Amino acid sequence: MYKYFIKEDEKAMKIKLNDGSVKEYKDGMTALEIAKELNQKLYKNAVAAKIDGQVTELTKTVPDGATLEILTFEDEEGKKAVWHTASHVLAQAVKRLYPDVKLAIGPATDSGFYYDFDTAEPFTNEALAKIEKEMKKIIAENISLTRYTLPRQEAIEKMKAADEPYKAELIEDLPEDAVISFYEQGDFTDLCAGPHLVSTAKVKVPKLLRTAGAYWRGDEKNKMLNRIYGTAFPTQQELDIYLKQLKEAEERDHNKLGRELNYFTTNPLVGQGLPLLMPKGAKTIQILQRFVEDEEEKRGYLLTKTPFMAKSDLYKVSGHWEHYQDGMFVLGDEEKDEEVLALRPMTCPFQYMIYNAGHHSYKDLPIRYGETSTLFRNEASGEMHGLIRVRQFTLSEGHIICTPEQLEAEFMGVLDLIKYNMKVLGIENDVFYRFSKWDPNDKDKYIGNAEEWERVQDAMRVILDHAGLDYYEKEGEAAFYGPKLDIQSKNVFGKEDTLITVQIDFALSKQFGMTYVDSDGQKKSPYIIHRSSIGSYERTLAMMIEKYAGALPMWMMSEEVRIMSITDAAEEYCNAFAERLRESGIRVTVDNRQEKIGYKIREARNERIAYMLVAGASEVEDGTFAVRRRGEGEIGSIASDDLLDMIVQQHKDRVIF
RNA sequence: GCCAACGUGGCUCAGAUGGUAGAGCAGCGCAUUCGUAAUGCGCAGGUCAGCGGUUCGAAUCCGCUCGUUGGCUCCA
């Protein structure tokens, strides 16, 4: 049906579209022209094209036989094209207002874009508003973007002539044979690989969000540049929805909610990154800890309890002294001839010393040591964040010492435990898996040689594949002593953190000379799996608060049930039922204060209590309670015997509602 | 550590251009025994994060320190 477009004497080409259909077009048409033929709405919303799987601009000519996909803002890659162009509009606006500013880089991100500038003065909020206004002007000007390429040397000359040293440096670092492309939009040109929109008008509604400092090329030795973050949407309405979502997400911020709900507090006299867990927070953590310790015991873990500190000599053997000293709190000054101790940042060396306290046969293996271990890490002052990034935290840390033959089965056992724990917490679908490898270009950061690293990483990859995990690999994220499987989660701001980690340690065991006697009578080095089975308890609590917006699963709350009397006459009745609940292991309090029932309920609701039981004269008479359940409101009158069963059952089943 | 913003009673916030602090909630007291998101009245509570400076005078201006928050990973 599209053949009408092709005249008799014109050459035709066949294009496969993303809906799978194959259609014929005039040879030499661009993606944009095809979109116009295809569908008016698509044409209007088109932002970029994907030709044979390669994202590119709409003005690109589609070759015969190609697969073509027209991208809109709905597509992830379409969004990126919009945001990337928005970053150019931002740079153009800044250049117009502040001609002396030097440009660094400006990519799209997962939720918008940023651009790094070298400026004499940081941008103020007023400047930001002014820049945003200029951006809107540029968008209204409907400037078209054109791509052109230059030979390497010419490109460098051009950037030097334009007094853009950062751009020149970028080109110099590109490979010799790289195509150097530029995008021009009116009075502004930027070095860029693209792809971009056809016109600034398609950026539609931009919004600048905040400024931040960022080192040139992410290296703290380099100059700090001024970064502007922003985003853009096709309509004001969509932008408003996004901003509202951002605000709502921040309402769940554990750092706000956790303080409001009295889970934790901080105090300047105590120090940064040292949160104080209040009774509610401490209780929840105790519940989680008991759950994990019991579960590990069932799975054959042996409990250890090791010191919080050790002589520097221990860390010299383990390699921490060389590779991790910046992260440790060191006590005592060697210069003054004092004994030098350091607080432990990890438990490994301690549990290894327990293993080394005796001789081991292959028949003893695997040995699984577990410890609820408090660790100390001297994080940089700007890194601390609520309960997520702290200087002292407690972890269920364990080490499994096994033979090479047992490694895979033990690793699977660890994964099984972790998955079980995550399921109980209700977070199994909120995490993703990262295979963290060493960085072969930065060997000094690690113990061991390249061959060992590659061998262990290959072994780990095989296990991960056997486990059927959907993971991604990342270089430079390994521990200094071995590769890791990191289980990652994101907080309300979208920031990623490691919740749980499983590592294969091949280096430390060797440092400590750990051995076992095999069936052939030979001493051999065991394999060690280093793992946590739940995140640090502080971090896990933070995640629970954010995931459930403070309404934690009932079984992990310090107060599951609150009973409220309407008049003094119901006091005894309420107390008696509370006692019955307590005998069944339910954490319950009674509110017999002389307040109106509406007031008591409001307070209990604000505290996210799971069950609110109300009793007045009629309930006392009937032997019932008027029951209110979190998130559901009043669910009716229930006889106290039935109510007891119901609550106990939910507590035991760890029902999440 | 670096960049930026912020720091007023337990909490949430008001206090233009400098003249020596104000509200609501929470707390305490009294009264109220009350039916599902705030009963009324009263009282008390702050060296305005800390230190130093400018000034006749600083919560307000400047500097330093401490703390809180966001960013410093997304590669032209």
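Not measured: the values here are computed from a predicted model. All chains are named by letter (A, B, ...) in the order of the sequence lines, taking the proteins before the strands, and each is independently numbered beginning at 1.
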Is A:Gly386 touching bases, backbone alone, or none of the nucleic acid, heavy atoms closer than 4.0 Å?
-> sugar-phosphate
Determine the interatomic distance between P on B:G19 and the same-named atom on B:C3; round to the nearest Å.
-> 33 Å
For the base of B:G35, is there a side-chain donor-acceptor partner from A:Glu619 under 3.5 Å away?
-> yes
Whole-angstrom distance between B:U55 and B:C61, as gauged at atom C1' = 10 Å
Tell which nucleotide pairs with B:G10, taking only Watson-Crick or G-U wobble pairs whose two distances are both under 3.5 angstrom.
-> B:C25
Gap between atoms NZ and P, on A:Lys600 and B:U33 respectively (whole Å) = 14 Å
Determine which nucleotide pairs with B:U54, using a 3.5 Å limit on both distances of a Watson-Crick or G-U wobble pair.
-> none
Nearest whole angstrom, please: distance from the P of B:C11 to the CZ of A:Phe264.
-> 13 Å
Looking at A:Arg602 and A:Glu595, does any basic side-chain N land under 4.0 Å from a carboxylate oxygen?
-> no
Using heavy atoms to find the nearest nucleotide of RNA chain B for A:Ile597 and A:Ser181 separately, return the residue whose nucleotide is more 5′.
-> A:Ile597
Could you check which of B:U33, B:U68, B:C72 has an atom nearest any side-chain atom of A:Lys495?
-> B:C72
Check every atom of B:U32, B:C72, B:G70 against the side chain of A:Ala212 and return the nucleotide holding the closest atom.
-> B:G70
Under 4.0 Å between a Lys/Arg side-chain N and an Asp/Glu carboxylate O for A:Asp430 and A:Lys547?
-> yes
Looking at B:U36, B:G71, B:G35, which one has an atom nearest to any side-chain atom of A:Ile601?
-> B:U36
Could you work out which one of B:G71, B:C74, B:A26 sits closest to the side chain of A:Tyr599?
-> B:A26
Length of the CD-C1' vector between A:Glu383 and B:U69, whole Å | 14 Å
Pairwise P distance, B:G18 and B:G57 [rounded to whole Å] = 15 Å
Mate of B:U69 where both pairing distances stay under 3.5 Å, Watson-Crick or G-U | B:A4
Which part of the nucleic acid, if any, lies within contact of A:Ala617, taking any heavy atom under 4.0 Å across all strands shown: a base, the sugar-phosphate backbone alone, or nothing?
-> base
Would you tell me if any nitrogen or oxygen in the side chain of A:Tyr229 comes within less than 4.0 Å of OP1 or OP2 on B:G71?
-> no
Check A:Ala342 against A:Met328 and note the closest heavy-atom contact, atom names and distance.
-> CB-SD, 4.4 Å
Give one of base, sugar-phosphate or nothing for A:Asp173, where a contact means two heavy atoms less than 4.0 Å apart.
-> nothing
Sidechain N-carboxylate O distance under 4.0 Å for A:Glu383, A:Arg389 = yes
What is the nucleic acid contact for A:Glu595, judged by heavy atoms within less than 4.0 Å: base, sugar-phosphate only, or nothing?
-> base
When A:Gly218 and A:Leu225 are each assigned the nearest nucleotide of RNA chain B, the 5'-most assignment goes to A:Leu225
Could you state the CD-C1' distance from A:Glu634 to B:U36, rounded to the nearest angstrom?
-> 5 Å
Between CG of A:Leu257 and C1' of B:U69 the distance, given in whole Å, is 16 Å
Integer angstrom distance from the C1' of B:A14 to that of B:A23 | 7 Å
In whole angstrom, give the distance that lies between atom CD of A:Gln272 and atom P of B:G70.
-> 12 Å
Sort out the partner of B:U17 for me: Watson-Crick or G-U wobble, both distances under 3.5 Å, none otherwise.
-> none
Here the distance between atom P of B:U69 and atom CG of A:Asn491, to the nearest Å, is 12 Å
Just compare B:G70, B:G35, B:U69 and give me whichever is closest to any side-chain atom of A:Asn255.
-> B:U69
Nearest-Å distance once atom P is located in both B:U47 and B:G22 | 15 Å
Mark yes or no for a side-chain to base donor-acceptor pair under 3.5 Å between A:Ser618 and B:G35, with no hydrogen or angle criteria applied.
-> yes
Identify whether any heavy atom of A:Tyr215 sits under 4.0 Å from a base atom; if not, whether one sits that close to sugar-phosphate; answer base, sugar-phosphate or nothing.
-> base
Rounding to the closest angstrom, what is the interatomic distance between B:U39 and B:U32 at atom C1'?
-> 7 Å
Nucleotide opposite B:C34 in a Watson-Crick or G-U pair, distances under 3.5 Å | none
Kindly give the heavy-atom pair with the smallest separation between A:Gly386 and A:Pro275, and that separation in Å.
-> O-CG, 4.3 Å
Considering only heavy side-chain atoms of A:Asp110, the closest of B:U39, B:C74, B:G71 is B:C74
If you check the A:Met224 side chain, which of B:G35, B:C72, B:C74 turns out closest?
-> B:C72
Pairwise C1' distance for B:C56 and B:U65, with rounding to whole Å = 29 Å
Side chain of A:Ala626 - closest among B:G35, B:A4, B:G71 | B:G35
Salt bridge or not for A:Asp219 and A:Arg217, using N-O below 4.0 Å?
-> no
Between atom CG in A:Asp116 and atom C1' in B:A4, what is the gap in whole Å?
-> 14 Å
Describe the nucleic acid contact of A:Ile171 in one word from base, sugar-phosphate, nothing, applying a heavy-atom distance below 4.0 Å.
-> nothing
From the options B:U33, B:C72, B:U69, select the nucleotide whose nearest atom is closest to the side chain of A:Arg259.
-> B:U69
Can you tell me how far C1' in B:C48 sits from the matching atom in B:A59, rounded to whole Å?
-> 4 Å
salt_bridge(A:Asp100, A:Lys95) N-O dist < 4.0 Å | no
Base, sugar-phosphate, or nothing for A:Arg628, non-hydrogen atoms under 4.0 angstrom?
-> base
Looking for any heavy atom pair under 4.0 Å, which part of the strands does A:Val270 touch: base, sugar-phosphate only, or nothing?
-> nothing
Scan A:Gly616 against the nucleic acid and name what it touches under 4.0 Å (heavy atoms): base, sugar-phosphate only, or nothing.
-> base
Counting only heavy atoms not in A:Glu621, do more than 12 fall under 6.0 Å of its CD?
-> no
Step through the shown structure and confirm whether more than 12 heavy atoms of other residues, nucleotides or ligands are within 6.0 Å of CG on A:Asp470.
-> no
